[in-house]
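Read the structure below first, then the notes.
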Amino acid sequence: KNQVEQSPQSLIILEGKNCTLQCNYTVSPFSNLRWYKQDTGRGPVSLTIMTFSENTKSNGRYTATLDADTKQSSLHITASQLSDSASYICVVRRRGGSYIPTFGRGTSLIVHP
Amino acid sequence: EAGVTQFPSHSVIEKGQTVTLRCDPISGHDNLYWYRRVMGKEIKFLLHFVKESKQDESGMPNNRFLAERTGGTYSTLKVQPAELEDSGVYFCASSQGRGGQSYNEQFFGPGTRLTVL
């Protein structure tokens, strides 16, 4: 069964600190992995997409990594801001066959002043 | 440019009633998707339209759910009759390009929170 597991389930950090969110998947064959940010009351917004050949990709203070061998990805947030408080969702898509994405349950991040 | 919009933002109905959710995709996006998130669970796929045609409806829970996209513009998702387990947040997303390409970014609406009492 294709699954996406995220950890931690929730995280509280102080403003200015860094944090790393984890995503493990069993989706196969792998096509790509996206990290989404979902603010309260809003829909998910894509932060970055990782393909098989990419190991790391940055988008401002967000840096995503991918290890396709171990089927793990991480999202590192640098110098956190209050506006980073949100749910971060890992979404993986298969190559060939069904293109239906598999979502993780997300990590709820709270940044305190 | 307007993003994906959904109406209503919240709906509270009693078991056995009917509810219709609406989604307006980004103009020009041929692909429209419906998803649902039940409390405590991950977002799950319901169905996919390419223009007015249903490309994949494998995620629809049962025949109480009916989705339409007349004219290939906005879409509606009707639940009739609603059951308690239908409660959740229903998201709509749209994307450009061929529906089979897994790289196309999907743009999500804010969701409709449905509560069935």
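A note on names: the letters A, B, ... follow the listed sequences, proteins ahead of strands, and every chain is numbered from 1. For the numbers below, each heavy atom of this structure counts, side chains included, while hydrogens, waters and symmetry mates do not.
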Query raised in the report: So which part of B:S58 gets closer than 4.5 Å to some heavy atom of chain A, the side chain, the backbone, both or neither?
Result: side chain
Query raised in the report: Quick one: does A:P44's side chain get under 4.5 Å of B:I43's, heavy atoms only?
Result: yes
Query - 4.5 Å side-chain heavy-atom contact, B:E42 and A:Q6 - result: no
Query raised in the report: What heavy-atom pair brings A:R93 and B:Y33 nearest, and what distance separates the two atoms?
Result: NH2-OH, 4.4 Å
Query raised in the report: Between A:I89 and B:R37, is any pair of side-chain heavy atoms under 4.5 Å apart?
Result: yes
Query raised in the report: When clusters are formed by joining ILVMFWY residues with side-chain heavy atoms under 4.5 Å apart, either directly or through shared neighbours, do B:F7 and B:V89 land in the same one?
Result: no
Query - Intermediate values then yes/no, side chain to side chain contact (heavy atoms under 4.5 Å, CB included), B:E105 and A:R34 - result: CA-CA 9 Å; B:E105 180 177 356; A:R34 282 187 186 268; 3.4 Å; yes
Query raised in the report: What do you reckon, is CD of B:E85 surrounded by more than 12 foreign heavy atoms closer than 6.0 Å?
Result: yes
Query raised in the report: Which heavy atom in B:F91 sits nearest to a heavy atom in A:R42, and how many Å separate them?
Result: CE2-O, 4.1 Å
Report summary line: When the 4.5 angstrom heavy-atom criterion is applied to B:Q6 and chain A, the contacting part is neither
Query raised in the report: Under a single-linkage definition using a 4.5 Å side-chain heavy-atom cutoff for Ile, Leu, Val, Met, Phe, Trp and Tyr, are A:V4 and A:F52 assigned to the same hydrophobic cluster?
Result: yes
**Report entry** Contacts with chain B made by residues 104-113 of chain A (heavy-atom distance under 4.5 Å), listed by residue number
**Finding:** A:G104, A:R105
Query - Within 6.0 angstrom of A:K17 NZ, more than 12 heavy atoms from elsewhere - result: no
Query - CA sep, side-chain torsions, deciding dist, call: A:F103, B:Y35, ring pair (Phe, Tyr, Trp, His ring centres under 6.0 Å) - result: CA-CA 11 Å; A:F103 290 75; B:Y35 295 93; 5.3 Å; yes
**Report entry** In one Ile/Leu/Val/Met/Phe/Trp/Tyr side-chain cluster, 4.5 Å: B:L32, B:Y74
**Finding:** no
Query raised in the report: Same cluster for A:V45 and A:V91 if Ile/Leu/Val/Met/Phe/Trp/Tyr side chains link at under 4.5 Å?
Result: no
Report task. Answer yes if A:L21 and A:L82 sit in the same cluster of Ile, Leu, Val, Met, Phe, Trp and Tyr residues linked by side chain heavy atoms under 4.5 Å apart, and no otherwise. Result -> yes
Query raised in the report: Above 12 or not: heavy atoms from other molecules or residues under 6.0 Å from NZ of B:K78?
Result: no
**Report entry** Contacts of residues 107-117 of chain B with chain A (heavy atom under 4.5 Å)
**Finding:** B:F108, B:G109, B:P110
Requested in this report: Side chain from CB out, backbone as N, CA, C, O: work out which of these in A:Q38 comes under 4.5 Å of a heavy atom of chain B, or both, or neither.
Outcome: side chain
